[in-house]
Amino acid sequence: MKIKFLSLFLAAVMALTVLASCSSEPDLSALLPFNLEHKYSAEVEGVAMTIYVDCNVETTGDGTENSPFKTVAEAQAKIVELKFGDKGLPSGGIRVLLASGVYAPMVVNSENSGTEDCPIYYVAEEERGAIITDATILYSSDFEPITDEEKSRLIDPAAAENVVKLDLKKYGLTEDDWGQIYTIGTYHLAYKYEGATGNAWADLYFNGDKMTLARYPNEGWVYTGSIIDPGSNKDTPVEYIDGATFTVPDELAERAQKWQTLDNVWTYGYFMYDWADCSNPVKAIDSENKSLTLEHGSFYGISERQRYYIFNVFEEMDIPGEYYVDRVNGILYLYPPESMADDSYITLACSFTPTIECRGQYVTFKGLSARDTRGHGVVLECDNVVFDRCFITNCRQSGFWSTGGGHTNTVLKNSEVSNIGGAMAINFSAVSTIETFEPCGNVIYNNYIHDFQQVDKTGYAGVSVKGCGSVVSHNEICNAAQIAVAWNGPNTLIEYNEVYNVCNEASDAGALNVGRGFTSYGTKIRYNYIHDLGNAELGSQGEFAIGIYWDDGMAGQTAYGNIIADVYGWGFSVGGGRDHKIYNNIVINCTQYGLYYDSRCRDGEYGGENSWYGKMANVGSIYSDIQNICWNDAWKANFPELSDLILYPSDEVKDNPMLVINPANSYVANNVLYLTIENGWEPFVIKDAVRQFSNIGENYVIEDLTDFPGYMQKEYRLKENSQIREFVPDFEIIPFDEIGRVIE
């Protein structure tokens with residue numbers, strides 16, 4: 001995490017103020033003063049009244065300072081009473097001040113929300129002190145040692161002396177509360193198997209850290225051996241749905257002999273492609289022949305040397321932080337990650353209820369800690385709502401989730417979103433504004449977003465924005481299996497973000513990743529520092545991490561002033577699209593291509609390739625986007641050049657730049673790659689058809705890092721007399737010190 005100091009922050013303010021003077025740029029200046037607070041303050045300037053809430057009082061009061069309400073619901077009832085009373089809501093706003101403690105989930109609706117003249121502020125008296133959760137708190141005093149018979153089952157005798165247990169039924173919990181294990185991951189065939197799909201199971205947290213269902217191996221993976229029977233896949237007739245059989249390592253075969261049962265023992269992994277994850281129950285393990293048979297078929301099939309691990313095995317509780325639930329009898333077993341004290345905060349996230357459900361307007365949430373849920377942290381269907389200095393953590397699904405109706409003018413700033421099980425940490429959607437071209441006003445600014453995609457790891461982005469003019473700015477985003485940021489909507493702005501340690505488990509993915517559409521035309525990606533991507537331990541497919549990835553015909557994107565460094569894979573990948581601008585970027589130390597731009601859409605039609613690219617003109621989403629959305633009056637007014645596109649290929653229009661599958665009207669120049677690329681990979685690969693239809697200038701390679709005095713510390717500030725100026729005299733110095741979170 002980088003900490004930016006006040007002088008740098010003021011420079012960022014000045015830069016953003018200049019940008020805001022252009023009508024096409026969003027005005028973020030109203031957000032910036034909040035970052036000048038050195039200490040948390042529960043004060044809200046100008047409010048007309050404060051309603052006090054303290055969950056610790058024995059008897060509820062009338063909401064005054066000396067006699068607070070006990071629940072947030074009582075404060076909301078007071079707001080409704082005022083709102084529909086004779087005098088109405090007071091001008092200036094109402095602050096609902098929450099004392100430190102644990103509160104039930106909050107529901108804000110149209111009745112108890114605010115107005116433009118009287119916004120409602122839910123404010124924690126102490127930052128993160130007001131905890132919003134519906135989790136079950138488990139008390140350390142209720143745990144007891146396991147029996148000798150239970151100890152004998154554990155493979156590690158030393159671990160057996162540390163494992164404790166608790167009867168969940170003593171808390172009034174049932175099977176519905178702790179849940180059953182169902183298929184996880186994005187690519188599976190569970191829908192073909194009765195009883196294989198269902199709700200997520202409850203997660204266990206110890207002092208805020210998520211515990212791990214007992215697994216083998218404790219870290220990393222085992223790999224499929226020889227494939228004895230490939231089993232079924234998505235194309236197999238439904239009457240044949242058997243799982244694959246493959247050989248396993250000697251150690252696994254030996255350990256499995258010590259497992260008392262295979263009931264509810266599961267695998268999780270990437271059985272064919274390193275971008276397609278799923279779990280699959282174990283049907284059998286033949287220790288003599290050293291083979292494992294899966295219960296279900298695999299979506300794409302299975303191949304040798306693919307990664308997986310085995311989980312939910314009682315006998316494998318052998319390191320601190322592992323646990324197991326006897327789901328028939330409701331007994332929780334735990335190897336505590338640290339000594340259990342009376343003040344240990346142990347929770348079981350049983351409830352699917354969102355911690356905050358916001359379906360109103362003119363509401364601000366400040367300083368709240370929303371946490372520990374089996375569902376989404378925050379559900380949004382609202383307008384003019386702000387989350388400031390909030391802490392959203394330990395959510396099995398998403399941290400923020402937009403409903404079908406979406407939301408507008410929603411700001412998430414100065415907050416932390418972490419430990420998210422779902423593939424999306426934040427989903428901001430105002431999809432209706434894409435067609436109307438009305439700015440959605442949704443902004444994700446100056447947040448620390450980390451450790452997401454912990455359960456479902458592929459297919460979606462950690463930060464996903466949909467809408468016209470969405471802004472993702474000055475965030476620190478890190479620690480995820482696959483994509484960090486994706487977008488859908490015209491004039492999206494992605495700037496000044498630091499993104500790192502993503503795409504660290506799944507391949508063929510970009511830190512900033514989007515594909516197959518024209519509805520994101522006009523997006524700008526600038527001044528981002530993207531670094532340390534991919535994982536050298538994952539094998540050849542695992543190398544395929546990308547800094548900025550515009551996939552499969554994506555069009556109308558601009559990227560300039562970005563730094564992409566230390567990628568186990570590629571810097572840029574552009575998959576055949578048109579109307580792109582890529583300039584003034586720096587790529588440092590990628591193991592494969594620095595910048596790759598192909599002509600796959602054209603090649604699929606005219607190159608004789610028997611691939612799905614050749615069908616894109618007839619069935620591809622990018623073309624239906626143009627016909628259904630991008631040719632309406634609002635779009636034509638903003639991007640008149642799209643009106644002249646030719647959708648359907650023929651020999652007569654094969655070389656017409658306006659044929660949509662031609663990679664035309666792009667500009668790629670003045671990008672600089674530092675260090676040579678090993679293993680024979682070319683630094684810049686731009687296919688002939690791209691050069692035919694687009695403006696491709698010079699791009700350069702510099703074979704050392706002396707332009708960056710602080711490169712050993714990964715401080716990529718260009719010195720003024722840098723070598724890059726010899727190649728590109730007017731190269732814009734990238735404002736490295738202004739990238740990332742802005743903290744006083």
Side-chain angles (χ1 to χ4, degrees), residues 145-169 173-184 188 190 193-198 200-204 211-218 222 224 228-229 231 241-269 271 278-297 308-319 321-335:
I146 61 176
T147 66
D148 290 341
E149 189 278 329
E150 290 166 330
K151 290 179 181 179
S152 68
R153 288 183 59 188
L154 297 176
I155 293 176
D156 185 346
E161 298 304 318
N162 292 285
V163 173
V164 293
K165 67 179 181 179
L166 178 146
D167 188 347
L168 296 173
K169 297 188 297 298
L173 301 178
T174 68
E175 180 180 324
D176 289 338
D177 294 310
W178 57 75
Q180 296 299 315
I181 295 180
Y182 294 105
T183 301
I184 58 174
H188 60 77
Y193 298 83
E194 185 177 354
T197 59
W201 62 85
D203 286 320
L204 180 70
M211 301 294 96
T212 302
L213 278 173
R215 54 164 281 181
Y216 173 83
N218 291 321
V222 289
T224 56
I228 299 170
D229 181 347
I241 55 175
D242 291 347
T245 300
F246 52 89
T247 60
V248 300
D250 292 350
E251 182 182 5
L252 173 54
E254 180 181 345
R255 292 183 79 97
Q257 287 182 305
K258 302 175 184 179
W259 300 347
Q260 190 176 97
T261 179
L262 292 178
D263 290 345
N264 224 14
V265 171
W266 288 70
T267 63
Y268 170 85
F271 288 103
C278 72
S279 65
N280 201 323
V282 175
K283 183 176 182 179
I285 297 179
D286 185 337
S287 295
E288 181 178 351
N289 294 310
K290 299 182 177 58
S291 67
L292 184 153
T293 300
L294 299 173
E295 184 73 35
H296 301 165
Y308 69 99
Y309 63 80
I310 299 178
F311 70 98
N312 200 46
V313 184
F314 178 90
E315 291 81 2
E316 293 294 339
M317 276 186 294
D318 57 359
I319 61 171
E322 287 191 313
Y323 78 102
Y324 178 87
V325 176
D326 177 344
R327 297 180 188 275
V328 175
N329 299 302
I331 306 300
L332 166 66
Y333 298 87
L334 172 65
Y335 190 151

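Nothing here was measured: the structure is a model prediction, and the numbers come from that model.
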query: Can you list the residues that meet the side-chain contact (heavy atoms from CB on, under 4.5 Å) rule with Asp263, with sequence neighbours excluded?
result: Thr261
field: Heavy-atom check, side chain of Trp178 versus side chain of Leu332, under 4.5 Å
entry: no
- prompt: Under a 4.5 Å cut-off applied to non-hydrogen side-chain atoms, are Asp242 and Asp229 in contact?
  reply: no
task: Could you tell me the separation between the CH2 atom of Trp201 and the CD1 atom of Ile181, rounded to the nearest 0.5 Å?
output: 5.5 Å
query: So, do Asp318 and Tyr216 sit near enough that their side-chain heavy atoms are less than 4.5 Å apart?
result: no
query: If we only count heavy atoms from C-beta on, is the Asp250 to Lys290 side-chain gap below 4.5 Å?
result: yes
task: Give a yes or no on whether the ring-centroid distance for Tyr268 and Phe311 is below 6.0 angstrom.
output: no
task: Applying side-chain contact (heavy atoms from CB on, under 4.5 Å), name anything that partners Ala196, two or more places apart in sequence or on another chain.
output: Thr183, Ala190, Tyr193, His296
- prompt: Are Asn312 and Val265 close enough that some pair of their side-chain heavy atoms sits under 4.5 Å apart?
  reply: no
query: Can you name the nearest heavy-atom pair linking Asn280 to Gly297, along with the distance?
result: ND2-O, 3.5 Å
- request: Quick one: closest heavy-atom pair of Cys278 and His188, and the distance?
  value: CB-CB, 3.8 Å
- prompt: Just how far is it from atom CD1 of Ile319 to atom CG of Asn162, taken to the nearest 0.5 Å?
  reply: 12.5 Å
query: Looking at Glu316 and Arg255, does any basic side-chain N land under 4.0 Å from a carboxylate oxygen?
result: yes
Sequence-distant partners of Asp167, salt bridge (Lys or Arg N to Asp or Glu O under 4.0 Å), two or more places apart: Lys169
Separation between CG of Asn329 and CG of Leu168, rounded to the nearest 0.5 Å: 11.0 Å
message: Quick check on side chain to side chain contact (heavy atoms under 4.5 Å, CB included): which of Val325, Leu166, Asp326 does Ile331 satisfy it with?
response: Asp326
task: Go through Leu294 and Phe271 one step at a time and tell me if the side chain to side chain contact (heavy atoms under 4.5 Å, CB included) criterion holds.
output: CA-CA 11 Å; Leu294 299 173; Phe271 288 103; 4.3 Å; yes
Minimum-distance pair of heavy atoms, taken over all atoms of Ser287 and Gln257: OG-CG, 3.1 Å
field: Contact check, side chains of Phe314 and Arg153, non-hydrogen atoms, under 4.5 Å
entry: yes
Atom pair NZ/CG of Lys258 and Leu154 - distance to nearest 0.5 Å: 12.0 Å
query: Any side-chain heavy atom of Tyr323 within less than 4.5 Å of one from Leu213?
result: yes
field: Pairwise distance CG(Leu252) to CD1(Ile285) - rounded to 0.5 angstrom
entry: 5.5 Å
Beyond-backbone contact of Asp286 with Thr245, side-chain heavy atoms, under 4.5 angstrom: no
- request: With rounding to the nearest 0.5 Å, note down the distance linking OH in Tyr309 to OG in Ser279.
  value: 8.5 Å
- prompt: Ignoring hydrogens and geometry, is there a side-chain-to-backbone donor-acceptor pair from Glu175 to Gln180 under 3.5 Å?
  reply: no
message: When you measure from the side chain of Thr212 to the backbone of Glu322, do you find a donor-acceptor pair of N or O atoms at a distance under 3.5 Å?
response: no
